[in-house]
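For reference, the structure is listed below as structure tokens.
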Amino acid sequence: MHDAKVFRSMHKSRFQAEPALFVAPGRVNLIGEHTDYAEGFVMPAAINFATLAGISPRGDGKIVIYSENYGEERTFEAEPLPEKGSGHWSDYPMGVVHVLAGEGHRIPGFSLSIWSDVPLASGLSSSAAIEVATAIAVEKLICAAYPGPVLARLCQRAENEYVGANCGIMDQFISIGAKENHALLLDCRDLSFKLAPIPDHVALVIANTMVKHSVAGGDYPTRRRESEAACAVIAGHRPGVKFLRDATLEDLEKWGREMAPKSLMRARHVISENLRTVAAAEALLRGDMKELGRLMAEAHTSYSKDFEGSCVEADIMVELAADLPGLIGARLTGGGFGGCTINLVEQKDAHGFAEALCARYTLRTGIAPQIHVCHAAAGAHRLE
Ligand code: GAF
């Protein structure tokens with residue numbers, strides 16, 4: 001876990017300046033996968049793994065960014081800013097700076113330190129945590145104050161346009177808008193949301209398969225294209241359908257045969273996932289954990305079979321959790337093809353569950369997983 005005092009003194013001794021400190025969390029998605037860019041529903045929660053950002057002004061017109069994780073410093077001119085990313089970790093913070101400049105802000109020189117304990121490439125939104133931590137730090141420096149949803153969109157644009165990863169809005173939105181001990185049902189069409197308390201007796205157990213996940217690489221954009229192709233077929237018959245959010249399972253019955261088989265499968269996942277996500281939020285709100293767990297199991301099957309977004313290891317992790325004491329529901333979380341499963345587990349059983357799952361997974365796959373008993377954390381904020 002981070003130590004803000006250590007981080008502050010690290011920034012001070014590197015840059016000889018007192019930093020303002022900010023924190024932005026990673027997230028776990030309880031349900032609603034690959035629905036955000038289809039203007040559908042998602043239900044994430046922020047987690048107690050986060051990025052710290054420390055910022056202080058400089059007088060030399062330079063932007064100097066130091067990553068404690070990479071032990072590396074990069075220097076840029078504030079004017080003109082580099083127009084494009086370079087495939088380097090600094091694209092994430094610089095993308096945000098670039099987007100803010102594009103909004104008409106004059107960007108002065110500054111020193112920025114970044115330190116994250118969100119596991120990288122694990123489907124827990126380490127990228128969004130860096131973007132959001134940078135955004136609120138730079139926002140303070142330039143005396144801007146964007147409403148949360150607008151800032152989330154700006155961070156998403158940084159990732160889409162500068163980093164070149166075609167993600168949706170979920171990760172940036174939850175990193176900014178999360179509330180402690182709550183999940184958040186987000187309507188990705190208009191960004192309206194409903195908070196659903198996570199009961200005290202429920203723990204979020206995150207199990208890392210140790211298989212690397214990436215949004216920028218091949219499979220995520222392919223799945224997105226396949227599901228959008230299905231949407232285009234439906235739109236050919238029903239012009240009101242702009243996104244799969246507008247489509248129904250009946251549409252697939254009527255026009256599914258006009259789609260490539262893979263597109264039909266992707267669309268079946270996205271359309272049914274939207275229904276499950278809304279139902280899961282209702283179940284959580286009325287405290288019906290059994291129904292929530294059932295929907296999570298169904299969501300995993302759909303993600304794995306129809307969307308083909310899972311991997312052997314994640315399927316094994318879900319299967320091995322199924323009969324462990326205390327499990328409410330388990331599924332692969334995040335962008336897919338690796339990363340972590342989310343297990344909702346009775347709090348009293350959580351540590352035993354984590355140990356047993358770790359032992360079972362190691363035995364079965366020969367891979368030692370990392371398993372974390374987490375809680376739903378607050379959204380991004382300044383640290384005093
Ligand atoms: C990644 C993306 F960044 C999100 O926008 C979302 O599409 C998710 O994968 C899949 O639900 O985290």
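Order of listing sets the numbers, starting from 1, for every ligand and every atom in it. On a predicted model such as this, the values are computed, not experimentally measured, just so you know.
Neither Tyr37 nor Leu186 shares a network with the other; the hydrophobic side chains, linked directly or stepwise wherever heavy atoms of I, L, V, M, F, W or Y lie under 4.5 Å apart, form separate groups for each.
Asp200 places none of its side-chain heavy atoms less than 4.5 Å from the side chain of Gln347. Two residues are said to be in side-chain contact when any heavy atoms from C-beta on lie closer than 4.5 Å; Val118 and Ser125 fail this criterion.
A salt bridge links Arg266 to Glu308: at least one charged side-chain nitrogen sits closer than 4.0 Å to a carboxylate oxygen. We find that Arg224 and Glu228 are joined by a salt bridge, their nearest charged nitrogen and carboxylate oxygen being less than 4.0 Å apart. Salt-bridge formation is not detected for the pair Glu39/Lys242: no Lys NZ or Arg NE/NH1/NH2 atom is positioned less than 4.0 Å from an Asp or Glu carboxylate oxygen.
Below 3.5 Å of separation, one finds an N or O of Gly168 facing an N or O of ligand 1. On a distance-only criterion, Tyr220 and ligand 1 share at least one N/O pair closer than 3.5 Å. On a distance-only criterion, Glu33 and ligand 1 share at least one N/O pair closer than 3.5 Å.
Heavy-atom proximity to atom 10 (C) of ligand 1, evaluated over Gln172, Glu159, His34, Glu273, is greatest for His34. Among Gly335, Ala165, Gly339, the residue whose heavy atom sits closest to atom 9 (O) of ligand 1 is Gly335.
Less than 4.0 angstrom separates some heavy atom of Asp171 from each of these atoms of ligand 1: 1 (C), 2 (C), 3 (F), 4 (C), 12 (O). Of all atoms in ligand 1, listed by their number and element, those nearer than 4.0 Å to a heavy atom of Asp36 are 4 (C), 5 (O), 6 (C), 7 (O). Remark: ligand 1 atoms within the under-4.0 Å shell around heavy atoms of Cys167 are 2 (C), 3 (F), 5 (O). For ligand 1 and Met170, the ligand atoms under 4.0 Å from any heavy atom of the residue are 6 (C), 8 (C), 11 (O).
A distance-only check finds no donor-acceptor pair linking the side chain of Asp251 to the backbone of Ala247 [under 3.5 Å].
With a heavy-atom cut-off of 4.0 Å, Arg27 touches ligand 1 through its side chain alone.
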